[in-house]
Structure formats: C-alpha cells, structure tokens
Amino acid sequence: MLLKYDVIVIGGGHAGCEAATASANMGVKTCLVTMDMNKIAQMSCNPAVGGIAKGQIVREIDALGGQMARVTDATAIQFRMLNRSKGPAVWSPRAQCDREKFIWKWREILDATPNLDIWQDQACELIVENGEAVGVKTVWGVELHAKSVVITAGTFLNGLLHIGRHKLPGGRIAEPAVENFTESITRHGITSQRMKTGTPVRIDKRSVHFEDMEIQDGEKDFHQFSFMGEHRVLKQLPCWTCYTNKEVHETLKSGLADSPLYNGQIQSIGPRYCPSIETKLVTFPDKEQHPLFLEPEGETTNEMYLNGFSSSMPMDVQLNALRKIPALRDVKIYRPGYAIEYDFFNPTQLNLSLESKVIKGLFFAGQVNGTTGYEEAGGQGTVAGINAAINCGGGEPFIMHRDESYIGVLIDDLVTKGVDEPYRMFTSRAEYRILLRQDDADARLTEKAYNLGLATRERYDWWIEKKEAMERIISFCMNSPVKPKEINSKLEALGTTPLREGCKLFDLIARPQINLNNLSEIVPELKSVIDSSQNRKEEIAEAAEIKMKYKGYIERERMVADKMHRLESIKIKGHFKYSEMQQLSTEARQKLEKINPDTLAQASRIPGVSPSDINVMLVLLKR
C-alpha cells in the first residue's frame, strides 16, 4: 500500500506532535506515524512541564502557535513560578501535569487539526532517492511518500532497558524498541552514537507516611503557560519533600557491583544535570543526604513520582534503600527505576533549519539530536515542522537567532557545538537572557509565526490587544506627574524614600519597593488604565512593569545583540576552503570544515575557533 503526503513525521512524542501540528497548520498535508495512538505525547519521565529555562521554551512554543502550553494548562495539577527571588530575566514557569489527561488532551488537538492524519505503525526504513528523503517503509509493508520527512523517534532507536544486570530491548518500559531504522539512515553517510538516560521508581501514595515529609504547595495566582486558553481547571495538588540519609547511601553502595552504570554494562553518555542516585553517591561521596521530591502523577491516581531518585540499580537494592527513608519505611512501588540506552545523530550534521546536511528534505528533532527534556523536544519539533512545510513549496528556512528565543539558542548550540552528553537548556546558556524573558515570548515571536501562517488570527489578535494595553499603561506612567505632598506619606508607608521634588510615575516604578499593584492603590487613575484591559490584566500589568523597571538593562543588552547581528549578517558558507587556509590554526581548520557555518557569528561560537581566526576570515572577506 502506498500513501502520499507532503510531510511525514516519524514518532508521536513531544517533538513529533509539535512538528506534525505545525506543518499541518501551515496548510500542508501531514501524516504522523506512531506505534501507539494511546501514548501520544507520553510523559516518559516526570509528568512535569517547564522549569528553569525550559518554561521559557514552552512560552515560546505557545507564542509561535504551538500546543504544549495549552495542553499543560488544561492538565496542570500544580503550578509554580521558579526563581521568583531573582530578576524576571530568569523567572521560569513549571507545572506538574496529569499524565493520562495530558495524552488525551493532545489526542483531542491532533484529531481536530486540519490536514493531519495519524497512521499507527512502525517505520523501519528511510527511502532516499538521489540524495533526497522521499518517504519511509513500515513493518507492515506500507510505503509513505512525502516531500519532507521529520524524524522524532525519541529513545526508541535500538533502545535497550537496564535494571541491574537485566537488560531488554525497549523504547520505554513495556514498549518495543525500533530496530533497523537507524541503519537505514546511517547507510547514507549520517553517523549515529549512543546515549543513556534514566527514570525513577513509581510509588503507591497509600504506602507513604506523609507526616514525615514536608509539604510543597503550588501557587494560585494568575500565572500560566499559554497566553491564551483556560486558567487551571483541574484540582491543584501538593508535592512533598524528604531526604536520603547514611543508611540509604550504604544500601545503595552495597549494590554498586550490580549497577549497569558501574559494572561496564552501560558505556554510553548520561545526563550530567539529572544524574542517577548512584551517580550522586559516587560523584559527591562526602554528602550525607540528597533532596527527594515526591510528586503526583495525576488528579485521581495513587501513583507518585520520586524526583531525585533516578536509578538503574537492581530492584531489591532500590526497594531496600527506599525503606531506609522514614517517610517511605512501608513503601510499595508500582515499578522500579530503570536506565535506557538509545541511538542519536550528532546535530552538527544539521543546518540551523534542522534539515540534514547530507540528505535533503530530512529533518531531525528531539532526543535523536542529543537533547533531553520534553520542552527542548517540543521547541525543536516546532522548528522542524515549520521548515518541513516550507521545504514542500520552496522558500527561505525559518531560523531564529540567539537574541530571539531560547529555541534559537538551543538549536544554535546543537548545530554549532554538537553534544557530548544529553543537552539540557539553562538560562545561563543564553547570553541575552534579559531579552528572552518568559513574559515577552509573544512580543518576540507571534508576528513572525503569524506571517508564516502558523499562529492563528486569534493568537495574533490577542498579542495586538496585549501590546496596545501595555503601551497604554507605559504611556500613562511616562506622562503622569506626581508631587511630593500628594504621595510622600504613602511612599514612606511602603518603606521607600519620600520625594524631594515632583516626578513621573515611570520614575517611581524603578524603585524596588514599588510595583504597579501598590502604585495603582495610591493613584486611582492608574488602576483605571490597568483595569481597562479586557483579558489577562494581571499578566499585562506585570509585563508592562518589567519593561519599565528594567528599561535600561533591556536597552543595553539590545545594543550588544545588535552588534553581534553585524557578524550574523556576514555570510561565509561556500566562500572558503578551510582545509587550505594555512592562516588558521589546525583545530580551527578542522572544526570549520566539519561544521561549515553559515555566518561569521556562528563560526565564532565553534569551540576551537579563536578570535584571531575570525579576524583572519574578516580580512580575507574584505579582499
């Protein structure tokens, strides 16, 4: 049987769902191929979305017209804004979700998306003709042909599960691995490597002594992930915290000889920033305790997730160690933690559009690019889906720069630097994080997405409404004077210095003790301007306040970013034969030959390319 489409997406995880809906919403005929329609967008590890820098990515997906934020808001059972004690540049939303409801909300969206079909099957061979991807074959003998193929296979490519000395093929626990598909790609000149990740034990909450744990409630304010959609509709639940102890550590150490991480069974690269509990013991031998977070898996289920206890130790070692924790002394588990090894393709083999440099029309997104996390996968999937759709009709690829989005930082890091461990996004990876706040993702991206045909008119209109409401507030504050005698007593009550002379409201906002909320209580006219917003007035007021409070910092960082854009505008691809350029260092020649950067700015970010190498290329370009 032969099925014809414009875009085929292989894999129904977070990257695949975003890629498929993005290309379909841009008007191209799309097919999502997945092994199990009942596990669409499965949250393989923690059923949580967001976190430090990851939350910003989800807001960006939403601003682009993607779906992850809306699904998260509809299924959230706890929400928190992390890093609130720091500046707004690093505020990061995070939500615990109902795992099953998350899947079915995604199914609703996929089923309602025009131009999108779902085919339940397993891809086993990539079809390539004249150096171009034209489709895939499946294990059931079906051929699907298309102009663009997007591979988002997650951890399924030659996946191998480990619990102690036991190992079984699998893409996730109780789900089959995908064999042969990697080999059908690598035979065309693309190279693959192996990575490792893991997940913790799942616990029956009825066996937990919560009186020996510390409760961690969520926040109940206006914040959410999507700029649109309903505010949290499910029952909000607490999380809980406790700690390991010396007895736990001794029990785990007794089983290290049977740990696949330390007996030579696993050779591949694991995540530095989400280590297993046994790795923590070996890496930090002097630490007497490590924090653990017990988090709900759903609104009604008894299943809970023990964050911080990722492990591939033997089952009995895991269980015995857990029972040394007072709150878990009678614990029952649904299944132990496990590790998984899988194939990935080093992302230096990709262009910034996420299209392969080797095979035209072939795109990669998600964990197959060496990343970890649903959010990183969703961001890549959105970009891959957009560019797969563009590839069908011709046109310039959609590429975001490092000062435009965390997704742009993510992709530039992957393509330019490659990975030697599972890549995880942090705010520290972004040099322009004051410009990449969670509150302004729509300001950065929605108009671009609307012009692409991805963001809907409703999404665009909401952004214009928000933009105009923010401008009204800022304009009012810039043009409204106040006199000392009118306001000094109220300023002193707020713990800030009284005025010696009149000023504008805008000047008062810069003070740390002052915000739009308490200032509007002092100046009723300001409250009227804020209340004139028809939708999400709290969100609009917060975004306007951040723009005023941090105006100087934002403008200074914008100037720095604009200077870098000059290097971004200098195209060098195809201008140099790096192997023959004796003026460059040997390492620079080798790295530039391998990456073949698009611009001088991208070249400057390649490890091993020095500022003097960049100056040499600048001089040669002028000649």
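Since this is a predicted model, take the numbers as computed values, not measurements. The figures that follow rest on heavy atoms only: side chains count, while hydrogens, waters and symmetry mates do not. Residues take their numbers from the sequence shown, with the count starting at 1.
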Among all residues two or more places apart in sequence or in another chain, which pass the side-chain hydrogen bond (donor to acceptor under 3.5 Å, both in side chains) test with R429?
none
Decide whether E341 and S268 meet the rule of one side-chain donor and one side-chain acceptor closer than 3.5 Å.
yes
The ring-ring contact (aromatic ring centres under 6.0 Å, His included) partners of Y5 (sequence neighbours excluded) come to none
Considering residues at least two apart in sequence or located in another chain, which fulfil the side-chain contact (heavy atoms from CB on, under 4.5 Å) criterion with A133?
L126, V149, I359, L362
Is a salt bridge present between R459 and D62, judged by a nitrogen-to-oxygen distance below 4.0 Å?
yes
When you measure from the side chain of N115 to the backbone of A24, do you find a donor-acceptor pair of N or O atoms at a distance under 3.5 Å?
yes
Which pairs pass salt bridge (charged side-chain N to carboxylate O under 4.0 Å, His left out) with one or both residues in residues 154-165, sequence neighbours excluded?
R165-D258
Is the side chain of Q78 donor-acceptor paired with the backbone N or O of L237 at a distance under 3.5 Å, no angle test?
yes
Grab the two heavy atoms, one from I595 and one from T416, that are nearest each other, plus how far apart they are.
CD1-O, 3.6 Å
Is K332 paired with E303 through a side-chain N to carboxylate O contact shorter than 4.0 Å?
no
Check whether any side-chain heavy atom of D413 sits under 4.5 Å from a side-chain heavy atom of I411, and report yes or no.
no
Are any of the side-chain nitrogens in E60 or R444 under 4.0 Å away from the carboxylate oxygens of its partner?
yes
Taking everything shown except K573 itself, do over 12 heavy atoms lie less than 6.0 Å from its NZ?
yes
Please determine whether the number of non-hydrogen atoms from other residues, nucleotides or ligands lying under 6.0 Å from atom NZ of K594 exceeds 12.
no
Among side-chain atoms of E297 and N302, is any donor-acceptor pair under 3.5 angstrom?
no
Is the Lys NZ or Arg CZ of R59 less than 6.0 Å from the centre of F225's six-membered ring, within 45° of the axis?
no
Is the backbone N or O of S276 less than 3.5 Å from a side-chain atom of S311, with the two atoms forming a donor-acceptor pair by type?
no
Side-chain (E18) to main-chain (H14) donor-acceptor, under 3.5 angstrom
no
Partners meeting side-chain contact (heavy atoms from CB on, under 4.5 Å) with Q193 (sequence neighbours left out):
F344, N346
Taking atom types as modelled, is there a side-chain donor on N158 or E183 under 3.5 Å from an acceptor on the other?
yes
Do you know the tightest heavy-atom contact between G385 and S23?
O-CB, 3.5 Å
Any non-hydrogen side-chain atom of Y262 less than 4.5 Å from a side-chain atom of T279?
yes
Between D73 and R232, does at least one N-O distance fall below 4.0 Å, as a salt bridge requires?
no
Any chance NZ of K280 has more than 12 other-residue heavy atoms, nucleotides or ligands included, within less than 6.0 Å?
yes
Decide side-chain hydrogen bond (donor to acceptor under 3.5 Å, both in side chains) for Q438 and S92; before the verdict, give the C-alpha distance in whole Å, the side-chain angles of both, and the deciding distance to 0.1 Å.
CA-CA 7 Å; Q438 61 84 29; S92 303; over 6 Å; no
May I have all residue pairs that pass salt bridge (charged side-chain N to carboxylate O under 4.0 Å, His left out) and include part of residues 364-389, sequence neighbours excluded?
K54-E375, K54-E376
Regarding N369 and Q380, is there a side-chain donor-to-acceptor distance under 3.5 Å anywhere?
yes
Salt bridge check: are K235 and E299 linked by an N-O gap of less than 4.0 Å?
no
For residues L256 and E278, determine if any side-chain heavy atom of one lies less than 4.5 Å from a side-chain heavy atom of the other.
yes
Please identify each residue that fulfils side-chain hydrogen bond (donor to acceptor under 3.5 Å, both in side chains) with T199, with sequence neighbours left out.
R202
Quick check against the 3.5 Å criterion: does Q56 have a side-chain atom that pairs as donor or acceptor with the backbone of A53?
yes
Test side-chain hydrogen bond (donor to acceptor under 3.5 Å, both in side chains) on D412 and Q602; report intermediate values, then the result.
CA-CA 8 Å; D412 185 72; Q602 188 186 359; 4.7 Å; no
Please identify each residue that fulfils side-chain hydrogen bond (donor to acceptor under 3.5 Å, both in side chains) with D6, with sequence neighbours left out.
none
Given 3.5 Å as the limit, does a donor-acceptor pair link the side chain of W462 with the main chain of F227, or not?
yes
Take atom CZ in R272; do more than 12 heavy atoms of anything else shown fall under 6.0 Å from it?
no
How about K137 and I127: do any of their side-chain heavy atoms sit closer than 4.5 Å?
yes
When you look at K147 and E129, which way does the salt bridge (Lys or Arg N to Asp or Glu O under 4.0 Å) test go after all the steps?
CA-CA 11 Å; K147 299 168 186 173; E129 295 177 0; over 6 Å; no
If only side-chain N and O atoms count, and only distance matters, is there a donor-acceptor pair under 3.5 Å linking D121 with T138?
yes
I'd like to check M425 versus T371 (side-chain heavy atoms, cut-off strictly below 4.5 Å). Are they in contact?
no
Got a sec: does the NE2 of H166 have more than 12 other heavy atoms crowding it under 6.0 Å?
no
Distance in Å, I340 CD1 paired with I163 CD1, rounded so as to fall on 0.5 Å steps:
11.0 Å
A side-chain contact here means heavy atoms from C-beta on lying under 4.5 Å apart; do I173 and Y338 qualify?
yes
Partners of M400 by side-chain contact (heavy atoms from CB on, under 4.5 Å), sequence neighbours excluded?
L64, V383, F398, E404, S405, I407, L445
Flag if over 12 foreign heavy atoms under 6.0 Å of CE, M315
no
Of all residues at least two apart in sequence or in a different chain, which pass the side-chain hydrogen bond (donor to acceptor under 3.5 Å, both in side chains) check with D98?
K101
Could you check whether K360 and N130, counting side-chain N and O atoms only, form a donor-acceptor pair closer than 3.5 Å?
no
Among side-chain atoms of Q367 and T155, is any donor-acceptor pair under 3.5 angstrom?
no
For F345, what residues pass the ring-ring contact (aromatic ring centres under 6.0 Å, His included) criterion, not counting sequence neighbours?
F364
Return yes if some donor-acceptor pair links the side-chain N/O of T186 with the main-chain N/O of T191 below 3.5 Å, else return no.
no
Heavy-atom donor-acceptor pair, S207 side chain to D204 backbone, under 3.5 Å:
yes
Can you name the nearest heavy-atom pair linking A388 to S148, along with the distance?
O-OG, 2.8 Å
For the residue pair V368 and L157, establish whether any side-chain heavy-atom pair is separated by less than 4.5 Å.
yes
Return yes if a side-chain donor-acceptor contact under 3.5 Å exists between Q349 and S356, otherwise no.
no
Could you tell me which residues satisfy side-chain contact (heavy atoms from CB on, under 4.5 Å) with A20, sequence neighbours excluded, listed by chain and number?
V9, T30, L32, L116
Hey, does the side chain of T75 reach the backbone of V71 with a donor-acceptor pair shorter than 3.5 angstrom?
yes
Shortest non-hydrogen contact from S192 to T182?
OG-CG2, 3.7 Å
Taking atom types as modelled, is there a side-chain donor on R424 or T372 under 3.5 Å from an acceptor on the other?
no
